Amino acid sequence: MYSLADLNPVQREAVEHRDGPLLILAGAGSGKTRVLTYRIAHLVARGVAPWSILAITFTNKAAKEMRQRVETLLGSAGAGLWVSTFHSACVRILRREIDHLSGYARSFVIYDTGDQLSVLKSCLKELDLDEKKFPARGISAKISDWKNRLCQVQDAEGQAAEYFEEMAAKAYRLYQKKLMANNALDFDDIIMLTVELFRQNPTVLDYYRDRFRYILVDEYQDTNHAQYTLVNLLAARYRNLCVVGDDDQAVYGWRGADVQNILAFERDYPEAVVLKLEQNYRSTKHILQAANAVVRHNLDRKAKSLWTENLSGDLLIHYAAEDERDEARYVAERIRRLKDREGRPNKDFAVLYRSNAQSRILEEYLLREGIPYRVVSGMKFYERMEIKDILAYLRVLHNPADRVSFSRILNVPKRGLGESVLAKVLLYAEEQGLDMLAALREAEYIPGLRPQAREALLSLSRLLEELREQSLEGKITDLVEEILDKTDYWTMLKADNTPEAQARVENLQEFLSVTAEYDAKIPEERDEQAAEEGNRPAAGTASGSLAEAEDRLGPGAEDRPGTQAGGTFLTGGEDRIVSGTGDTASAGAEDRPIPEAGGDFPAEEEDGPALVIDDFSAGVGGFLEQVALVADIDQLNEGDDGVVLMTMHSAKGLEFPVVFLVGMEEGIFPSSHSLLAEAALEEERRLCYVALTRAKEKIYLCCASRRLLYGHIQSNLPSRFFSEVPPELMLDRDPIDPPPRRQGRMGGAVRGGGFAGTSGHGRSKNRDDGSLASAGTPLATGKSETYHVGDKVEHEKFGRGIIVSVKGEGASAILTVAFSGQLKQLISEYAKLTRF
DNA sequence: TATCCGAGGCTTTTT
DNA sequence: GCCTCGGATA
């Protein structure tokens, strides 16, 4: 059970609020997860049926955590509760209401970004669009943007203003057509189609409205228009909508998230109760003061100020490195020293950077120091080639309409079936209206094939038919092993004696442990459940029976925390542990609290019975769905003791005792892409706020005066965010170092170095207009023009831009200029720049 | 059809 | 600097 005595007065009010809209503005580290889970528990305790509660998060990690906590609080009383991500919830609804969704079959698969891109590329090819002017990624972003705004193809065509948009809309039309032909949805479709389903089928909407009387949404500031619409459609009748968020932590605007959604909540619900959670339980006073001070520079925000009863703690420490190597060296050396001095385990430390490209050098120096680390990188386990290959087999077996997956496996392993054969098979399938398995079966009749190709196709056909039969029953693990075996995938990899092939073998073994876990968690009544999915009454029938069906489905059948938690398949992958030599964490280290989102929550007990349900159907389909919707950042395994390296974005929601922010330079952070637009700059500043508030005890901020990035050296000014931290909160020298001694490499060299220098970077001047130009030291002296970092210039072709680095001197100086959307290197003499 | 090489590209990425 | 993609070649 839970006790309201665990809560502060505002938290308590949020938990006790029962009916009507509720906005909780929850600052970083203010215990919002606790509030959400207690609130759910409290609703149930006061008689609200668990199955009438829907709690939505963005990440699986958050969903899992919330589920576990609620389970701890409620035990079996929570049966039937929906705690899931936007995407999981929507997929679940879509599958259930598939009959209302014309053009798609229940076996639809979910395409990830890579799949999307390959579909789109084929569209662009078909439309004969110049890939220079219409890059697939750009068009993809545009389409995603449309979908996030709920613009259907017709809408996009209607409102396309310029040529690019017109072409993008054309591509959009074809792209949707192809997705449908493949019986596939992309991530954005999942939300958009659910909204459309509701809008076009009032009885369906009615059912879900009636069912979900209490809705809770986490990270509301990150919702995009489609998600916002979805939530508000569902909440419209009972208006028991509780949203939690923090406008200061809105860092996904570039992805379509609209912070206005949370800012306008009171307009949407004038009767809303608004509560502010401003007490922070995570960080020291100094860290919090710094974070508050930085974010206060944003004009577009709700006024609030976090406070804490925690100790003042250490001051922030600033290190001005010579270059990125010096910076990395410093970080590694600091970690080593703190470990030695304070007996901290590796996992106490996180190094956060703006872009993934910055991790390499850090890895190098950590390795050199013998400090174990793990990189949480962009490359996901499920995005690895070998994993995608096997998934493609599974997908084709499950959904033979999937041409993308079919194209992927046709010649993997090599069967001598290349582009031209693929084209012929696809064309034949198209003409005959066949799915890919059926087309293969008819390989005899496909025109223009050489005998060997024909034979190879037929043999593949036989293999797939055999596998398909097996896929309908039995374990996924057996099926995957069969695939690896019968296709000679193992043989192919094992014949290849490279380390990469070895890594692939290991990844596949890891994958097999994922499937094994999945198989183990599926109860015997899989068939029963599948039958239920099939015979489910249409929405709009009396809710009672459905709800009961849900309840029966709940225990065990749908909640498979183990499968989702996984925990195994990441460790061998990108999220790796590199063990250093001589790593001697003290004995007490193990007892330290593990980094955990909202770590103020009391320790959890061992897994109770799995009663809080989540949504996955069974079988190959269920497995594929899980894989598609579960990103492996969720698997950041807390048992592993390594320094964590990740982007500031990835760090959102996490906390660490000691945090290093590296690359704090103009053009890096804030990113050069944001320098021209005030809104983008404010988002960078919020990111800085997020990054600062990850730290519990200590934080180091580093910048380098020179940096090798993308192959060339650039000189950047220290980030403007330095100047936004009150000077009295920051030190230039770490007090754990002995007082200044002889000319060390940390002291004189940097201070005497090229430009602004540590003391001259403007921190003391405390400029708050964010302008940089005035602080810049002349870095180039041309005959006619001298450009400075930060100068705003105009180019006849590229338009307006801002200089982010200057290399060399005089007329031959190489300028890196951030124009809207692109970085350009220009030679001062020839660039023909004018100031504006 | 498979492979090799070079030009161009490059924020962030919960799903 | 490093990776991806596409074109040219064997």
Side-chain angles (χ1 to χ4, degrees), chain A residues 56-63 84-91 110-114 116-118 121 125 131-132 135-138 141 144 147-148 185-191 218-219 221-224 226-227 249 251-257 324 352-358 360-361 376-380 382-383 411 414-422 450 452-453 456 597 625-634 646-654 663 667-675 680 683-684 686-687 690-691 707-713 818 821-825:
Chain A
I56 301 180
T57 63
F58 272 84
T59 66
N60 290 295
K61 184 180 160 78
S84 76
T85 63
F86 270 104
H87 294 266
S88 294
C90 286
V91 165
I110 297 159
Y111 275 179
D112 67 18
T113 322
Q116 284 175 48
L117 227 48
S118 53
K121 276 180 184 163
K125 202 173 242 176
E131 58 198 55
K132 283 272 148 47
R137 292 180 56 143
S144 176
K147 289 182 176 181
N148 290 161
L185 307 188
D186 67 20
F187 287 130
D188 302 319
D189 282 335
I190 292 171
I191 313 291
D218 194 12
E219 303 276 21
Q221 80 281 354
D222 287 338
T223 50
N224 62 36
Q227 291 159 334
Q249 292 185 71
V251 293
Y252 285 104
W254 51 275
R255 254 178 131 248
E324 80 286 351
L352 309 182
Y353 34 78
R354 181 62 233 273
S355 76
N356 284 305
Q358 292 169 255
R360 175 162 274 116
I361 190 74
V376 180
S377 94
M379 184 61 161
K380 305 287 194 318
Y382 292 121
E383 285 168 9
N411 200 31
K414 302 248 182 298
R415 301 185 177 93
L417 299 172
E419 276 306 309
S420 70
V421 175
L422 173 63
R450 289 206 230 135
Q452 302 135 289
E625 184 165 315
Q626 170 176 321
V627 169
L629 294 178
V630 177
D632 47 4
I633 177 85
D634 305 348
M646 63 180 151
T647 64
M648 299 179 193
H649 281 92
S650 301
K652 192 167 165 230
L654 305 177
I668 306 279
F669 185 46
S671 134
S672 57
H673 300 260
S674 69
L675 297 180
E683 183 152 305
E684 296 285 304
R686 289 192 293 271
L687 186 58
V690 167
R707 179 177 296 274
L708 181 67
L709 197 66
Y710 301 140
H712 23 226
I713 294 166
Q822 55 183 346
L823 267 187
K824 288 284 171 205
Q825 304 261 330

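Chain identifiers are assigned alphabetically (A, B, ...) following the order of the sequence lines, protein sequences preceding nucleic acid strands; residue numbering begins at 1 within each chain. The structure displayed is predicted, hence computed values, not measured ones.
Side-chain atoms of A:R360 lie closest to C:dC3 of the nucleotides C:dC3, B:dT11, B:dT15. Relative to the side chain of A:Y710, the nucleotides B:dT12, B:dT11, B:dT15 differ in distance, and B:dT11 lies closest. Closest to the side chain of A:K121, from the set C:dG1, C:dC5, B:dT14, is C:dC5. Across B:dT14, B:dT15, C:dC5, the shortest atom-to-atom separation from the side chain of A:Y252 is found for B:dT14. Proximity note for A:D222 (side chain, C-beta onward) versus B:dT14, B:dT15, B:dT11: the nearest is B:dT14.
The side chain to side chain donor-acceptor pair (under 3.5 Å) test applied to A:E324 returns no partner, not counting sequence neighbours. Residues meeting the ring-ring contact (aromatic ring centres under 6.0 Å, His included) test with A:Y353, sequence neighbours left out: none.
In this structure, NZ of A:K61 is placed 15 Å from P of B:dT13, rounded to the nearest angstrom. Between A:K652 atom NZ and B:dT15 atom P there is a gap of 12 Å when expressed in whole angstrom units. Atom-to-atom, CG of A:D218 to P of B:dT15 comes out at 13 Å; the value is rounded to the nearest Å. For A:F86 and B:dT15, the CZ to P distance is 13 Å, given to the nearest whole Å. When rounded to the nearest whole Å, the span between CZ of A:R137 and P of C:dT4 equals 12 Å. The CZ-C1' distance, from A:F58 to B:dT15, rounds to 9 Å in whole Å. One interatomic measurement links the two molecules: CD of A:E219 to C1' of B:dT13, which rounds to 14 Å at whole-angstrom precision. We find that CD of A:E684 is positioned 11 Å from P of B:dT12, with the value rounded to whole Å.
By the rule that a glycosidic angle within 90° of 0 means syn, B:dT12 does not qualify and counts as anti.
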Heteroatom pairs (N/O) under 3.5 angstrom, protein to nucleotides 2-8 of chain B:
from: B:dA2; atom 1: OP2; to: A:N411; atom 2: ND2; distance (Å): 3.2

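For the pair A:S420 and A:G711, nearest-nucleotide mapping onto DNA chain B gives the more 5' position to A:S420. Each of A:L687 and A:A453 was assigned the nucleotide of DNA chain B with the nearest heavy atom; the assignment lying further toward the 5' end belongs to A:A453.
Within 4.0 Å (heavy atoms only), A:V421 reaches sugar-phosphate atoms of the nucleic acid but no base atom.
A donor and an acceptor atom never sit less than 3.5 Å apart when one is taken from the side chain of A:R255 and the other from the base of B:dT11.
Note on A:T647: a side-chain N or O is less than 4.0 Å away from OP1 or OP2 of B:dT13. For A:S650 and B:dT13, the shortest distance from a side-chain N or O to OP1 or OP2 is below 4.0 Å. For B:dT11, neither phosphate oxygen OP1 nor OP2 lies less than 4.0 angstrom from any side-chain nitrogen or oxygen of A:N356.
Residue ring and nucleobase are not stacked for A:W254 and B:dT11 under a centre distance beneath 5.5 angstrom and an angle between planes beneath 30°. You cannot call A:H649 stacked on the base of B:dT13; the centres under 5.5 Å and planes under 30° rule is not satisfied.
Atoms CZ and CD, on A:R354 and A:E684 in that order, are 4.0 Å from each other to the nearest 0.5 Å. Separation of atoms CG (A:N224) and CZ (A:R255) is listed at 8.5 Å; rounding is to 0.5 Å.
Put simply, the side chain of A:D222 never gets that close to the backbone of A:A257: no donor and acceptor are under 3.5 Å apart.
For the residue pair A:S671 and A:S674, no side-chain donor N or O sits within less than 3.5 Å of a side-chain acceptor on the partner.
Classification of the A:W254-A:H649 ring pair by plane angle, with boundaries at 30° and 60°, yields perpendicular.
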Could you walk me through whether A:Q221 and A:E219 satisfy the side chain to side chain contact (heavy atoms under 4.5 Å, CB included) test, starting with their C-alpha distance in whole Å, then the side-chain angles of each, then the deciding distance to 0.1 Å, before giving a yes or no? CA-CA 5 Å; A:Q221 80 281 354; A:E219 303 276 21; 2.8 Å; yes

